[in-house]
Structures are given as structure tokens and as C-alpha cells.
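Structure first, commentary second.
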Amino acid sequence: MKKLAVLFLASFILIGCSSNQNSKNVKLPENWRVATQEDAINDWARFNSPNKIVNDFNGDGKYDVAQILLSNNSSQGFNFVVEVSDTDQRKQFILQQSDTLSAQNFSIKLLEPSEEIWESACEKGYWDCAADEIRQFKITKPSIQFCYIESACTVYLWSDRNKNFTKIPLSD
């Protein structure tokens with residue numbers, strides 16, 4: 001009996017130590033699914049594009065998950081979802097979605113904090129900046145770059161003041 005208890009405790013510890021934070025997925029909205037190996041086709045295969053990032057986007061010391069989800073019902077459509085910790089609960093944000101574009105046309109990339117000064121699309125001259133539009137910014141927390149592959153990119157930064165993500169286009 002004592003050996004069984006020790007074996008159980010050792011198994012429990014090993015399972016806990018071997019859990020991988022990258023295995024976390026967001027809570028799935030109805031009619032959406034997580035990408036599988038079979039979904040790594042077209043641009044995802046060609047560019048080895050990630051569709052999930054695990055990091056601490058809101059700076060609370062807990063892991064958050066950014067993930068491109070695919071439609072259950074079609075080869076077209078995606079939801080780009082980020083799930084962050086909010087005290088003892090998780091809060092989900094749908095940052096981009098489409099019913100007509102393929103998920104494999106998009107990728108996400110982790111942007112690490114740095115002293116680099118980034119310019120928004122309006123600051124680069126793609127269009128005239130609105131009075132309240134961000135022109136330049138620094139990445140102070142891990143952030144997400146969401147790209148339409150070989151086209152436009154957007155950065156999503158966590159805003160402590162608004163408790164939400166700020167969307168900053170980098171190109172059109």
C-alpha cells in the first residue's frame with residue numbers, strides 16, 4: 001500500500017513537471033477549432049507560420065494565449081483570439097475575424113519588449129493620421145504582430161488603462 005501511494009505521488013509530480021505551457025489553447029467559441037498538423041498547408045507550410053503564441057501579454061505574471069482558430073464548417077474563415085488572465089478568471093478578446101478568408105493566409109509573431117521606436121502605418125505615410133491615432137510607439141510588454149502574409153501587418157499591444165488590446169496598423 002505504501003509503495004502504491006509513493007508511485008501515485010511520483011506520477012502526479014512527473015505529470016505536473018512535464019506539462020508544457022505551449023500546450024494551452026484558448027476556450028473555443030462555438031463553431032471554431034484549434035489548428036492541427038493537417039492544417040499546416042499553403043502559406044502556413046511555405047513560411048512555417050505560427051498560429052499560436054503563449055506569453056504574458058498583460059504583465060500579470062500569468063500565461064496568456066494568442067491563437068488563430070479555424071472554422072468547423074468550412075475551409076474558409078478564421079478567428080484571431082487572445083485569452084488573458086483577469087485575476088482568477090480568463091478573459092477572451094476576438095481581435096480579428098473573417099468568414100471568407102483562409103486562416104492559412106495569416107500568421108502571428110511574438111514581439112519582445114525593446115527600446116526600439118516603431119512607426120504606425122499613418123506615420124509612414126500610408127494615410128493621413130487622425131488626431132487620436134498612434135504615430136510612434138515602443139513595445140513595453142510582450143505583444144503580438146498579426147500579418148496577412150506578404151501583405152499588411154498590425155501590432156496588438158496590451159493597454160493597462162483600458163484593460164484591452166490597442167490595434168496599431170503597420171502597413172495597409
Side-chain angles (χ1 to χ4, degrees), residues 5-37 39-40 44 47-72 78-98 103-104 106-121 123 132-149 152-171:
V6 170
L7 182 60
F8 175 76
L9 181 59
S11 298
F12 182 75
I13 290 170
L14 286 173
I15 289 169
C17 291
S18 67
S19 69
N20 180 350
Q21 292 296 340
N22 287 326
S23 68
K24 293 182 180 227
N25 289 317
V26 298
K27 184 179 177 188
L28 295 174
E30 189 175 341
N31 297 320
W32 298 94
R33 65 181 179 84
V34 172
T36 64
Q37 195 66 20
D39 295 311
W44 280 2
F47 296 108
N48 195 25
S49 299
N51 56 53
K52 179 169 83 171
I53 301 172
V54 178
N55 210 299
D56 180 15
F57 303 118
N58 64 353
D60 67 352
K62 299 176 184 173
Y63 282 102
D64 306 316
V65 181
Q67 199 158 14
I68 298 173
L69 302 177
L70 290 81
S71 171
N72 271 339
F78 73 89
N79 267 354
F80 172 45
V81 177
V82 181
E83 194 170 276
V84 298
S85 57
D86 184 24
T87 20
D88 293 334
Q89 298 188 8
R90 310 285 297 162
K91 187 169 183 182
Q92 192 172 89
F93 299 89
I94 297 176
L95 300 181
Q96 293 273 344
Q97 63 186 68
S98 171
Q104 286 85 354
F106 297 88
S107 70
I108 54 178
K109 176 182 174 183
L110 177 65
L111 300 177
E112 295 285 355
S114 74
E115 293 299 312
E116 179 181 357
I117 297 174
W118 292 63
E119 290 185 343
S120 68
E123 181 70 8
D132 62 345
E133 196 165 358
I134 295 173
R135 295 160 196 235
Q136 295 182 335
F137 61 97
K138 283 187 183 179
I139 296 174
T140 59
K141 290 184 175 98
S143 299
I144 308 157
Q145 181 172 293
F146 177 83
C147 292
Y148 189 7
I149 297 174
C153 290
T154 300
V155 171
Y156 288 95
L157 306 168
W158 179 257
S159 168
D160 287 330
R161 182 178 38 164
N162 298 326
K163 302 290 185 210
N164 201 340
F165 285 90
T166 300
K167 177 181 179 178
I168 306 171
L170 294 181
S171 56

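Keep in mind it's a predicted model, so treat the numbers as computed, not measured.
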Trace of the side-chain hydrogen bond (donor to acceptor under 3.5 Å, both in side chains) decision for Q96 with Y148: CA-CA 11 Å; Q96 293 273 344; Y148 189 7; over 6 Å; no
Kindly write out the residues that satisfy side-chain contact (heavy atoms from CB on, under 4.5 Å) with E30, not counting sequence neighbours, or none if the list is empty.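 With neighbours one apart ignored, the set is empty.
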If you measure from [atom1] on [X] to [atom2] on [Y], what distance do you get to the nearest 0.5 Å?
| X | Y | atom1 | atom2 | value |
| --- | --- | --- | --- | --- |
| E123 | I117 | CD | CD1 | 10.5 Å |
| I144 | Y156 | CD1 | OH | 9.0 Å |
| N164 | T166 | CG | OG1 | 7.0 Å |
| S107 | F146 | OG | CZ | 8.0 Å |
| S71 | W32 | OG | CH2 | 5.0 Å |
| L95 | I108 | CG | CD1 | 10.0 Å |

Name all residues meeting the side chain to side chain donor-acceptor pair (under 3.5 Å) criterion together with Q92; count only those two or more places apart in sequence or in a different chain, and write none if there are none.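 With sequence neighbours excluded, Q92 shows a side chain to side chain donor-acceptor pair (under 3.5 Å) to E83, given in chain and number order.
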Output all residues satisfying side chain to side chain donor-acceptor pair (under 3.5 Å) with R33, sequence neighbours left out; order by chain, then residue number.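 Here the qualifying residues are D39.
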Under 3.5 Å donor-acceptor, [X] side chain and [Y] backbone:
| X | Y | answer |
| --- | --- | --- |
| N55 | F57 | no |
| W158 | V84 | no |
| N58 | S85 | yes |

Could you walk me through whether F80 and Q97 satisfy the side chain to side chain contact (heavy atoms under 4.5 Å, CB included) test, starting with their C-alpha distance in whole Å, then the side-chain angles of each, then the deciding distance to 0.1 Å, before giving a yes or no? CA-CA 6 Å; F80 172 45; Q97 63 186 68; over 6 Å; no
Can you name the one residue among E115, E119, E116 that meets salt bridge (charged side-chain N to carboxylate O under 4.0 Å, His left out) with K138?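 Between K138 and the candidates, salt bridge (charged side-chain N to carboxylate O under 4.0 Å, His left out) is satisfied uniquely by E115.
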Are [X] and [Y] close enough that some pair of their side-chain heavy atoms sits under 4.5 Å apart?
| X | Y | result |
| --- | --- | --- |
| L170 | Q145 | yes |
| T140 | P113 | no |
| L111 | W118 | yes |

Are K141 and D56 ion-paired here, with the side-chain N under 4.0 Å from a carboxylate O?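 Salt bridge between K141 and D56, a charged N being under 4.0 Å from a carboxylate O: no.
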Return the minimal non-hydrogen interatomic distance between [X] and [Y], and the atom names on each side.
| X | Y | value |
| --- | --- | --- |
| S143 | L157 | OG-CD2, 3.1 Å |
| I168 | S120 | CG2-CB, 3.7 Å |
| A121 | S171 | CB-N, 3.6 Å |

Derivation of the side chain to side chain contact (heavy atoms under 4.5 Å, CB included) call for V155 and F137: CA-CA 10 Å; V155 171; F137 61 97; 4.2 Å; yes
Hey, is CD on Q89 packed in by over 12 heavy atoms from elsewhere, all under 6.0 Å?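 At most 12 heavy atoms, drawn from other residues, nucleotides or ligands, come within 6.0 Å of this atom.
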Take a 6.0 Å sphere around NZ of K91 and say whether it holds more than 12 heavy atoms from other residues, nucleotides or ligands.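 No, not enclosed.
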Verdict with reasoning, L28 to L69, per side chain to side chain contact (heavy atoms under 4.5 Å, CB included): CA-CA 8 Å; L28 295 174; L69 302 177; 3.7 Å; yes
Derivation of the side chain to side chain contact (heavy atoms under 4.5 Å, CB included) call for Q104 and F47: CA-CA 10 Å; Q104 286 85 354; F47 296 108; over 6 Å; no
